[in-house]
Number of protein chains: 2
Amino acid sequence: MTQTDLDVAPKLGRRRDPSLDGTILDATLDVLAETGYDGMTIDMVAARAKAGKATVYRRWTSKPELVLDAVACMKYKDVDLSSLPDTGTLRGDLVAMIKPPSIRDSERKLKVMAGIVSMLTRSPELADAAYDALVAPRAAANRVFFQRAIDRGEIPADADIERLCMIGPAMASYRTLMLRKAVDREFLISVIDGVILPAAGVTATA
Amino acid sequence: MTQTDLDVAPKLGRRRDPSLDGTILDATLDVLAETGYDGMTIDMVAARAKAGKATVYRRWTSKPELVLDAVACMKYKDVDLSSLPDTGTLRGDLVAMIKPPSIRDSERKLKVMAGIVSMLTRSPELADAAYDALVAPRAAANRVFFQRAIDRGEIPADADIERLCMIGPAMASYRTLMLRKAVDREFLISVIDGVILPAAGVTATA
DNA sequence: TATATACGGTACTGTGGAGTTCCGGATATC
DNA sequence: GATATCCGGAACTCCACAGTACCGTATATA
């Protein structure tokens with residue numbers, strides 16, 4: 001975390017409302033997704049969070065720090081690896097990941113990514129945070145699915161899991177950032193059946 | 001083009017150096033690729049082009065106009081569809097597109113794209129220009145290759161060409177923008193053999 | 001040679017946003 | 001109740017950059 005002044009907590013006076021941290025970080029992500037890093041102003045974030053600008057600066061020292069924290073915090077609101085779907089087939093697992101809440105979550109993450117892409121060169125710390133929050137979790141989930149498929153004998157044991165993990169995210173990112181089209185269920189299914197499964201070496205079913 | 005004041009060419013005085021247009025546009029793309037749209041200043045562009053800021057504003061009315069023109073002009077410096085490689089096999093054609101100059105060109109385009117992604121929401125005109133210059137040309141080239149493969153009977157006639165065209169660009173974009181790794185020959189070959197050809201339904205060779 | 005425009009360069013103006021300060025009101029401890 | 005901190009909000013300072021104006025010089029026409 002960014003602020004380290006709470007360990008010497010003040011004994012007098014009104015306490016900081018802890019829930020405001022999350023509210024402000026969430027507002028930051030919203031504005032980031034809508035207008036991008038440079039288009040975002042602290043006033044926008046404060047207004048969206050229904051807070052004062054001073055309240056934001058009481059908790060984060062600067063705009064870069066705020067954005068870094070907001071991006072990093074997305075990491076923890078992700079699907080945890082212990083509760084992934086397990087349908088018995090690779091296709092079933094991949095399709096089971098397509099759910100309205102998951103789609104909306106991914107969509108927001110992609111928009112946030114679009115808003116900070118140009119910053120990644122200038123700020124290695126932000127680049128690391130973005131990787132941990134936006135790239136790694138989805139890759140980790142896919143890795144589980146492909147490993148299961150190998151263990152089952154559903155796909156060849158020498159399949160390049162790391163490359164397979166990237167296909168879905170890559171197609172979704174390209175469609176959002178470059179083509180500016182919606183990533184809907186139909187698209188995701190067509191990527192699974194038309195790209196991922198053939199690449200994985202699944203002997204054509206469906 | 002942006003400027004329309006040359007058709008009524010002045011008969012007196014020093015003429016505008018036509019080569020400066022290209023120099024300034026090229027400098028704009030360099031700065032755009034290095035620092036992104038918002039990080040770019042007109043002074044940077046002028047310095048890189050070894051020109052004065054006034055010279056830039058004599059030719060383009062504003063920063064958005066300059067960037068729009070610079071992005072749009074990349075469209076014309078692309079591979080023309082009439083001189084594409086024709087090796088006789090889909091894999092051969094795709095591999096033949098991997099050449100050092102082509103890789104460097106693509107790398108720069110991807111960095112420019114990264115620099116303007118967050119602007120695409122704010123400027124539909126820039127979004128269109130970026131699509132025409134960065135997305136469409138590569139898709140058009142791939143479309144030729146896949147159509148040839150269908151005509152040859154190398155891949156199924158009902159293959160989804162539009163989806164296949166995007167795989168390469170999507171994987172390359174993701175690797176550059178999100179993973180921040182270099183798109184080298186080895187990576188591209190692995191994408192062709194491990195993703196594109198299986199997705200196209202090529203009966204495994206190699 | 002006189003005139004008119006482009007050139008690189010510098011100095012200027014105007015503006016939007018980062019970050020700070022202060023206010024009246026709310027909420028906590030002692 | 002006294003004190004101290006947080007709150008939302010508004011007003012402020014400061015600065016970087018977009019865009020303009022001007023200078024001395026270079027290059028064109030007539």
Side-chain angles (χ1 to χ4, degrees), chain A residues 2-3 5-25 27-28 31-32 34-70 115 118-119 122-123 126, chain B residues 2-3 5-25 27-28 31-32 34-70 115 118-119 122-123 126:
Chain A
T2 308
Q3 60 275 36
D5 43 26
L6 274 183
D7 42 8
V8 197
K11 283 303 167 193
L12 257 47
R14 181 176 175 174
R15 306 269 185 78
R16 278 191 192 173
D17 181 352
S19 72
L20 267 178
D21 277 332
T23 306
I24 293 173
L25 289 174
T28 303
V31 178
L32 218 46
E34 284 175 20
T35 69
Y37 181 89
D38 294 283
M40 165 187 137
T41 71
I42 303 294
D43 284 300
M44 287 182 194
V45 174
R48 166 95 42 154
K50 289 169 184 168
K53 188 158 61 164
T55 302
V56 176
Y57 277 103
R58 204 174 286 121
R59 291 155 192 254
W60 290 273
T61 60
S62 68
K63 177 177 173 180
E65 288 286 341
L66 172 62
V67 170
L68 183 63
D69 227 23
S118 66
M119 282 295 300
R122 291 180 260 174
S123 169
L126 185 59
Chain B
T2 306
Q3 60 275 35
D5 44 23
L6 273 183
D7 42 8
V8 196
K11 285 302 170 193
L12 257 47
R14 180 176 176 176
R15 308 268 183 78
R16 278 190 193 174
D17 182 350
S19 72
L20 268 180
D21 277 332
T23 306
I24 293 173
L25 289 174
T28 302
V31 178
L32 219 45
E34 286 176 18
T35 70
Y37 180 89
D38 294 282
M40 165 188 138
T41 70
I42 303 295
D43 283 300
M44 287 183 195
V45 173
R48 167 93 44 150
K50 290 169 184 167
K53 187 157 62 164
T55 302
V56 176
Y57 277 103
R58 204 174 287 120
R59 291 156 192 253
W60 291 274
T61 59
S62 67
K63 177 177 172 180
E65 287 286 342
L66 172 62
V67 171
L68 183 63
D69 226 24
S118 65
M119 280 297 299
R122 288 180 262 174
S123 169
L126 184 60

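Just so it is clear: chains get the letters A, B, ... in the order the sequence lines come, proteins before strands, and each one is counted from 1.
Side-chain atoms of B:R14 come within donor-acceptor range of the base of C:dA6, with a qualifying N/O pair under 3.5 Å. Within 3.5 Å, a donor on the side chain of A:K53 pairs with an acceptor on the base of C:dG19, or the reverse.
Here the P atom of nucleotide C:dT15 and the CG atom of B:D38 are 20 Å apart, to the nearest Å. Between B:M44 atom CE and C:dG8 atom C1' the separation is 19 Å, expressed in whole Å. Put simply, CZ on B:R58 is 8 Å from P on C:dG8, counting in whole angstrom units. As rounded to whole Å, 16 Å separates atom P of C:dA18 from atom CH2 of A:W60. Atom CZ in B:R59 sits roughly 19 Å away from atom P in D:dA18 (whole-Å rounding). Rounded to whole Å, the distance from NZ on A:K63 to C1' on C:dG16 is 11 Å. Look at CD1 on B:I24: it is 11 Å from C1' on C:dC7, rounded to the nearest Å. Straight-line distance from the CD1 atom of A:I42 to the P atom of D:dG9: 16 Å, rounded to whole Å.
Taking 4.5 Å as the limit, every side-chain heavy atom of A:V67 sits out of range of all side-chain heavy atoms of A:S123. The shortest side-chain heavy-atom distance between A:D38 and B:Y37 does not fall under the 4.5 Å cut-off.
Here B:K50 lies in heavy-atom contact (under 4.0 Å) with sugar-phosphate atoms only. B:M40 comes within 4.0 angstrom of sugar-phosphate atoms only, judged by non-hydrogen atoms across all strands, and of no base. Contacts of A:A54 with the nucleic acid, taken as non-hydrogen atoms under 4.0 Å apart, include base atoms. Among the atoms of the strands shown, none is found under 4.0 Å from any heavy atom of B:D43.
Using modelled atom types, one side-chain atom of B:R16 and one backbone atom of B:R58 make a donor-acceptor pair closer than 3.5 Å.
Of the candidates B:L25, B:V45, B:I42, B:L25 is the only one forming a side-chain contact (heavy atoms from CB on, under 4.5 Å) with B:W60.
Nearest-nucleotide positions on DNA chain C place B:G52 closer to the 5' end than the other of B:G52 and A:G39.
When each of D:dG19, C:dG17, C:dG8 is scored by its nearest atom to the side-chain atoms of A:T41, the top-ranked nucleotide is C:dG17.
Note on B:T55: a side-chain N or O is less than 4.0 Å away from OP1 or OP2 of C:dG8. Taking 4.0 angstrom as the limit, B:R15 places none of its side-chain polar atoms (N or O) nearer than this to OP1 or OP2 of D:dA26.
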Apply side-chain contact (heavy atoms from CB on, under 4.5 Å) to B:T28 and B:V56, showing your working.
CA-CA 10 Å; B:T28 302; B:V56 176; over 6 Å; no

